[in-house]
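These notes concern the structure reproduced below.
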2 protein chains.
Amino acid sequence: MRALHHPPRESLTLTGVLYALSDPVRLVIVKHLAEDGGKACGTFCLPVAKSTASHHFRVLREAGVIQVRQEGTQYINTLRREDLDARFPGLLDSVLRASGPI
Amino acid sequence: MRALHHPPRESLTLTGVLYALSDPVRLVIVKHLAEDGGKACGTFCLPVAKSTASHHFRVLREAGVIQVRQEGTQYINTLRREDLDARFPGLLDSVLRASGPI
DNA sequence: CCTATTGTTCGTATACCATAGAACGATTGA
DNA sequence: TCAATCGTTCTATGGTATACGAACAATAGG
(Lines give C-alpha, C1' and ligand atoms only; values in the text may rest on other atoms or scores of the structure.)
Protein backbone atom coordinates (compact mmCIF):
# COMPACT_ATOMS: atom_id res chain seq x y z
CA MET A 1 0.00 0.00 0.00
CA ARG A 2 1.83 3.02 -1.25
CA ALA A 3 0.72 6.58 -0.84
CA LEU A 4 -1.02 7.78 -3.98
CA HIS A 5 -0.05 11.28 -4.91
CA HIS A 6 -2.86 13.76 -5.44
CA PRO A 7 -1.96 17.27 -6.51
CA PRO A 8 -3.46 19.98 -4.28
CA ARG A 9 -6.24 22.09 -5.72
CA GLU A 10 -4.05 25.10 -6.33
CA SER A 11 -1.62 23.24 -8.52
CA LEU A 12 -4.15 21.87 -10.97
CA THR A 13 -3.49 23.22 -14.44
CA LEU A 14 -6.03 23.88 -17.13
CA THR A 15 -3.92 22.32 -19.85
CA GLY A 16 -3.28 19.30 -17.67
CA VAL A 17 -6.97 18.74 -17.01
CA LEU A 18 -7.90 19.30 -20.65
CA TYR A 19 -5.26 16.85 -21.74
CA ALA A 20 -6.43 14.25 -19.26
CA LEU A 21 -9.98 14.62 -20.57
CA SER A 22 -8.95 14.47 -24.23
CA ASP A 23 -8.51 10.70 -24.35
CA PRO A 24 -11.61 8.64 -25.19
CA VAL A 25 -10.87 5.95 -22.62
CA ARG A 26 -10.31 8.49 -19.87
CA LEU A 27 -13.42 10.39 -20.87
CA VAL A 28 -15.45 7.20 -20.47
CA ILE A 29 -14.03 6.74 -17.00
CA VAL A 30 -14.96 10.29 -16.03
CA LYS A 31 -18.47 9.93 -17.39
CA HIS A 32 -19.01 6.76 -15.41
CA LEU A 33 -17.73 8.39 -12.26
CA ALA A 34 -19.99 11.38 -12.81
CA GLU A 35 -23.01 9.09 -12.80
CA ASP A 36 -22.08 6.58 -10.17
CA GLY A 37 -19.84 8.13 -7.56
CA GLY A 38 -17.15 5.85 -6.14
CA LYS A 39 -16.26 2.94 -8.34
CA ALA A 40 -13.39 0.45 -8.37
CA CYS A 41 -11.13 0.23 -11.38
CA GLY A 42 -12.41 -3.19 -12.38
CA THR A 43 -16.02 -2.06 -12.80
CA PHE A 44 -15.55 -0.03 -15.96
CA CYS A 45 -15.39 -2.64 -18.76
CA LEU A 46 -12.76 -0.65 -20.62
CA PRO A 47 -11.52 -1.84 -24.03
CA VAL A 48 -7.88 -1.97 -22.94
CA ALA A 49 -5.61 -4.21 -20.90
CA LYS A 50 -5.60 -3.69 -17.18
CA SER A 51 -2.10 -2.23 -17.26
CA THR A 52 -3.27 0.33 -19.77
CA ALA A 53 -6.34 1.10 -17.69
CA SER A 54 -4.10 1.58 -14.69
CA HIS A 55 -2.08 4.07 -16.71
CA HIS A 56 -5.21 6.05 -17.53
CA PHE A 57 -6.37 6.14 -13.92
CA ARG A 58 -2.96 7.41 -13.01
CA VAL A 59 -3.09 10.18 -15.61
CA LEU A 60 -6.49 11.26 -14.32
CA ARG A 61 -5.29 11.19 -10.73
CA GLU A 62 -2.10 13.13 -11.41
CA ALA A 63 -4.01 15.74 -13.38
CA GLY A 64 -6.30 16.19 -10.37
CA VAL A 65 -9.43 14.90 -12.05
CA ILE A 66 -10.02 11.95 -9.76
CA GLN A 67 -9.39 11.01 -6.16
CA VAL A 68 -8.32 7.44 -5.44
CA ARG A 69 -8.44 5.59 -2.14
CA GLN A 70 -7.65 2.00 -1.37
CA GLU A 71 -10.22 -0.31 0.20
CA GLY A 72 -8.95 -3.80 0.60
CA THR A 73 -7.62 -4.91 -2.74
CA GLN A 74 -9.72 -2.41 -4.59
CA TYR A 75 -9.02 1.17 -5.52
CA ILE A 76 -12.07 3.36 -5.26
CA ASN A 77 -12.19 6.29 -7.67
CA THR A 78 -14.21 9.46 -7.30
CA LEU A 79 -14.35 12.69 -9.25
CA ARG A 80 -12.75 15.73 -7.64
CA ARG A 81 -15.83 17.79 -8.43
CA GLU A 82 -15.37 20.48 -5.84
CA ASP A 83 -11.76 21.10 -6.71
CA LEU A 84 -12.44 21.14 -10.42
CA ASP A 85 -15.44 23.43 -10.03
CA ALA A 86 -13.46 25.76 -7.81
CA ARG A 87 -10.51 26.06 -10.17
CA PHE A 88 -12.30 25.77 -13.51
CA PRO A 89 -15.95 26.69 -12.99
CA GLY A 90 -18.31 25.06 -15.44
CA LEU A 91 -15.64 23.11 -17.25
CA LEU A 92 -16.47 19.64 -15.97
CA ASP A 93 -20.19 20.20 -16.40
CA SER A 94 -19.82 21.34 -19.98
CA VAL A 95 -17.61 18.38 -20.81
CA LEU A 96 -20.04 15.95 -19.25
CA ARG A 97 -22.98 17.57 -20.99
CA ALA A 98 -21.17 17.63 -24.33
CA SER A 99 -20.10 14.02 -24.12
CA GLY A 100 -23.66 12.81 -23.71
CA PRO A 101 -24.86 9.72 -21.87
CA ILE A 102 -22.77 6.60 -21.54
CA MET B 1 -3.47 29.72 -52.32
CA ARG B 2 -4.68 26.29 -51.38
CA ALA B 3 -8.05 25.47 -49.95
CA LEU B 4 -7.82 25.18 -46.19
CA HIS B 5 -9.85 22.32 -44.84
CA HIS B 6 -12.34 23.13 -42.10
CA PRO B 7 -14.32 20.26 -40.60
CA PRO B 8 -18.08 20.84 -40.63
CA ARG B 9 -19.80 21.51 -37.33
CA GLU B 10 -21.28 18.03 -37.04
CA SER B 11 -17.95 16.30 -37.26
CA LEU B 12 -16.25 18.17 -34.44
CA THR B 13 -15.33 15.79 -31.65
CA LEU B 14 -15.14 16.59 -27.98
CA THR B 15 -11.87 14.76 -27.50
CA GLY B 16 -10.43 16.49 -30.56
CA VAL B 17 -11.34 19.93 -29.27
CA LEU B 18 -10.12 19.17 -25.76
CA TYR B 19 -6.85 17.91 -27.15
CA ALA B 20 -6.41 20.99 -29.32
CA LEU B 21 -6.98 23.20 -26.27
CA SER B 22 -4.63 21.21 -24.03
CA ASP B 23 -1.43 22.71 -25.41
CA PRO B 24 -0.18 25.92 -23.77
CA VAL B 25 0.80 27.56 -27.05
CA ARG B 26 -2.53 26.78 -28.64
CA LEU B 27 -4.38 27.96 -25.57
CA VAL B 28 -2.62 31.30 -25.82
CA ILE B 29 -3.69 31.59 -29.44
CA VAL B 30 -7.30 30.86 -28.52
CA LYS B 31 -7.26 33.38 -25.69
CA HIS B 32 -5.93 36.08 -27.97
CA LEU B 33 -8.58 35.31 -30.56
CA ALA B 34 -11.28 35.43 -27.93
CA GLU B 35 -10.28 38.96 -27.05
CA ASP B 36 -9.44 40.42 -30.40
CA GLY B 37 -11.44 38.70 -33.12
CA GLY B 38 -9.63 38.19 -36.42
CA LYS B 39 -5.88 38.21 -36.16
CA ALA B 40 -3.10 37.17 -38.49
CA CYS B 41 -0.67 34.47 -37.45
CA GLY B 42 2.22 36.87 -37.10
CA THR B 43 0.56 39.01 -34.45
CA PHE B 44 0.75 36.53 -31.61
CA CYS B 45 4.37 36.75 -30.38
CA LEU B 46 4.51 33.02 -29.71
CA PRO B 47 7.60 31.49 -28.12
CA VAL B 48 8.15 29.04 -30.99
CA ALA B 49 9.50 29.11 -34.52
CA LYS B 50 7.08 30.11 -37.24
CA SER B 51 6.97 26.58 -38.63
CA THR B 52 5.94 25.33 -35.23
CA ALA B 53 3.36 28.06 -34.89
CA SER B 54 1.98 27.08 -38.27
CA HIS B 55 1.63 23.54 -37.00
CA HIS B 56 -0.38 24.74 -33.99
CA PHE B 57 -2.70 26.85 -36.14
CA ARG B 58 -3.26 23.80 -38.28
CA VAL B 59 -4.12 21.63 -35.28
CA LEU B 60 -6.63 24.23 -34.08
CA ARG B 61 -8.16 24.52 -37.53
CA GLU B 62 -8.44 20.78 -38.09
CA ALA B 63 -10.02 20.32 -34.67
CA GLY B 64 -12.62 22.92 -35.62
CA VAL B 65 -11.58 25.50 -33.06
CA ILE B 66 -10.60 28.25 -35.49
CA GLN B 67 -11.59 29.43 -38.94
CA VAL B 68 -8.83 30.63 -41.23
CA ARG B 69 -9.14 32.80 -44.33
CA GLN B 70 -6.46 34.25 -46.52
CA GLU B 71 -6.17 38.00 -47.07
CA GLY B 72 -3.23 38.94 -49.17
CA THR B 73 -0.18 37.29 -47.71
CA GLN B 74 -1.79 37.01 -44.33
CA TYR B 75 -3.96 34.33 -42.84
CA ILE B 76 -6.70 35.74 -40.67
CA ASN B 77 -7.80 33.52 -37.79
CA THR B 78 -11.10 33.66 -35.95
CA LEU B 79 -12.66 31.49 -33.29
CA ARG B 80 -15.52 29.23 -34.41
CA ARG B 81 -17.59 30.37 -31.47
CA GLU B 82 -21.01 29.53 -32.85
CA ASP B 83 -20.03 26.04 -33.92
CA LEU B 84 -18.29 25.32 -30.65
CA ASP B 85 -21.16 26.68 -28.59
CA ALA B 86 -23.66 24.68 -30.60
CA ARG B 87 -21.82 21.38 -30.26
CA PHE B 88 -20.31 21.82 -26.80
CA PRO B 89 -22.34 24.43 -24.93
CA GLY B 90 -20.39 26.32 -22.31
CA LEU B 91 -17.13 24.56 -23.00
CA LEU B 92 -15.26 27.39 -24.68
CA ASP B 93 -16.54 29.93 -22.17
CA SER B 94 -15.42 27.85 -19.22
CA VAL B 95 -12.00 27.34 -20.74
CA LEU B 96 -11.59 31.02 -21.45
CA ARG B 97 -12.78 31.96 -17.98
CA ALA B 98 -10.53 29.37 -16.34
CA SER B 99 -7.45 30.43 -18.25
CA GLY B 100 -7.73 33.98 -17.04
CA PRO B 101 -6.61 37.12 -18.84
CA ILE B 102 -3.67 37.12 -21.18
C1' DC C 1 10.55 42.82 -62.70
C1' DC C 2 12.56 42.57 -58.20
C1' DT C 3 12.25 42.37 -53.41
C1' DA C 4 10.16 42.02 -49.01
C1' DT C 5 6.56 39.97 -46.38
C1' DT C 6 3.75 36.25 -44.75
C1' DG C 7 3.02 31.79 -43.80
C1' DT C 8 3.13 26.88 -45.47
C1' DT C 9 5.47 22.63 -46.42
C1' DC C 10 9.29 19.44 -46.14
C1' DG C 11 12.73 16.84 -43.83
C1' DT C 12 14.42 15.54 -39.60
C1' DA C 13 15.37 14.93 -34.74
C1' DT C 14 13.70 14.34 -30.22
C1' DA C 15 10.44 13.31 -26.87
C1' DC C 16 6.39 11.59 -25.27
C1' DC C 17 2.11 8.63 -25.21
C1' DA C 18 -0.91 4.59 -25.48
C1' DT C 19 -0.62 -0.08 -25.45
C1' DA C 20 0.31 -4.77 -23.80
C1' DG C 21 2.52 -8.75 -21.33
C1' DA C 22 4.96 -10.24 -17.36
C1' DA C 23 6.16 -9.80 -12.79
C1' DC C 24 5.15 -7.99 -8.40
C1' DG C 25 2.63 -6.40 -3.98
C1' DA C 26 -1.19 -6.17 -0.93
C1' DT C 27 -5.32 -7.95 0.82
C1' DT C 28 -8.95 -11.30 1.54
C1' DG C 29 -10.78 -15.80 2.40
C1' DA C 30 -10.58 -20.59 2.75
C1' DT D 1 -0.45 -21.04 4.91
C1' DC D 2 -2.08 -21.08 0.36
C1' DA D 3 -4.59 -19.47 -3.40
C1' DA D 4 -7.34 -16.03 -5.56
C1' DT D 5 -8.30 -11.26 -6.47
C1' DC D 6 -7.24 -6.57 -7.60
C1' DG D 7 -4.42 -3.36 -9.29
C1' DT D 8 0.27 -1.48 -9.83
C1' DT D 9 4.87 -1.35 -11.75
C1' DC D 10 8.38 -2.67 -15.09
C1' DT D 11 9.84 -3.06 -19.72
C1' DA D 12 9.34 -2.80 -24.49
C1' DT D 13 7.30 -1.08 -28.77
C1' DG D 14 4.90 1.38 -32.32
C1' DG D 15 2.90 5.53 -33.26
C1' DT D 16 2.37 10.36 -32.85
C1' DA D 17 3.63 15.33 -31.23
C1' DT D 18 6.46 18.99 -30.99
C1' DA D 19 10.19 21.36 -32.49
C1' DC D 20 13.39 23.63 -35.77
C1' DG D 21 15.73 25.22 -40.11
C1' DA D 22 15.54 25.38 -44.96
C1' DA D 23 13.07 25.69 -48.96
C1' DC D 24 8.95 27.00 -51.23
C1' DA D 25 4.59 29.66 -52.75
C1' DA D 26 1.72 33.63 -53.00
C1' DT D 27 0.96 38.32 -52.64
C1' DA D 28 1.94 43.26 -52.25
C1' DG D 29 4.75 47.24 -53.21
C1' DG D 30 8.24 49.69 -55.29
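Every chain is numbered from 1, with letters handed out A, B, ... down the list of sequences.
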Atom-to-atom span, CD1 of B/Ile76 to C1' of D/dA26 - whole angstrom: 15 Å
Stepwise side-chain contact (heavy atoms from CB on, under 4.5 Å) check, A/Leu18 with A/Leu91: CA-CA 9 Å; A/Leu18 291 175; A/Leu91 178 62; 4.2 Å; yes
Nearest heavy atoms of B/Thr78 and B/Gly37, plus distance in Å: CG2-C, 4.4 Å
Whole angstrom value for the distance that separates P of C/dA23 from NZ of A/Lys50: 12 Å
Listed partners of A/Lys39 passing salt bridge (Lys or Arg N to Asp or Glu O under 4.0 Å), at least two apart: A/Asp36
A/Phe44 CZ - D/dC6 C1' separation (whole Å): 14 Å
Linked hydrophobic residues, A/Tyr19 as query - side chain contacts closer than 4.5 Å: B/Tyr19
Heavy-atom donor-acceptor pair, A/Ser54 side-chain to D/dG7 base, under 3.5 Å: no
Test item: B/His5 side-chain N/O and B/Glu62 main-chain N/O as donor-acceptor pair under 3.5 Å: no
Touch class at under 4.0 angstrom, heavy-atom based, for A/Ala40 against every strand present: sugar-phosphate
Rounded interatomic separation in angstrom, taking CD1 from B/Ile29 and C1' from D/dT18: 13 Å
Pairs satisfying ring pair (Phe, Tyr, Trp, His ring centres under 6.0 Å), at least one member in residues 48-74 of chain B, at least two apart: B/Phe44-B/Phe57
Dot-bracket encoding of pairs in DNA chain D, which uses [ ] for pseudoknotted crossings and | for another strand, Watson-Crick or G-U under 3.5 angstrom: ||||||||||||||||||||||||||||||
Identify all pairs in which a protein N or O lies below 3.5 Å from an N or O of nucleotides 16-18 of chain C, and state each distance.
| unit_1 | atom_1 | unit_2 | atom_2 | d |
| --- | --- | --- | --- | --- |
| C/dC17 | O3' | A/Tyr19 | OH | 3.0 |
| C/dA18 | OP1 | A/Tyr19 | OH | 3.2 |
| C/dA18 | OP1 | A/Arg26 | NH1 | 3.1 |
| C/dA18 | OP1 | A/Arg26 | NH2 | 3.0 |
| C/dA18 | OP2 | A/His55 | NE2 | 2.7 |

Gap between atoms CD1 and P, on B/Ile66 and C/dG7 respectively (whole Å): 12 Å
For the student: nearest non-hydrogen atoms of A/Ala53 and A/Leu46, plus distance: CB-CD1, 4.0 Å
Pair of N/O donor and acceptor under 3.5 Å linking C/dG7 base with B/Thr73 side chain: no
Closest listed nucleotide, where the reference is the side chain of B/Ala49 and the choices are D/dG21, D/dG7, C/dT8: D/dG21
Atom-to-atom span, CD of A/Glu71 to P of D/dT8 - whole angstrom: 14 Å
A/Gln70 CD to C/dA26 C1', straight-line distance once rounded to whole Å: 7 Å
A/Arg58 side chain near D/dT9 phosphate (N/O to OP1/OP2, under 4.0 Å): yes
side-chain contact (heavy atoms from CB on, under 4.5 Å) evaluation trace for B/Leu79 with B/Val65: CA-CA 6 Å; B/Leu79 273 183; B/Val65 176; 4.0 Å; yes
A/Arg9: side chain to side chain donor-acceptor pair (under 3.5 Å) partners, not counting sequence neighbours: A/Asp83
Per B/Gln74 side chain, nearest of listed nucleotides C/dT6, D/dA22, C/dA22: C/dT6
Nearest-angstrom distance from the residue atom CZ of A/Arg69 to P of C/dT27: 16 Å
Test item: B/Arg87 side-chain N/O and B/Leu12 main-chain N/O as donor-acceptor pair under 3.5 Å: yes
Closest to the A/Tyr75 side chain, choosing from C/dG21, D/dG21, D/dT8: D/dT8
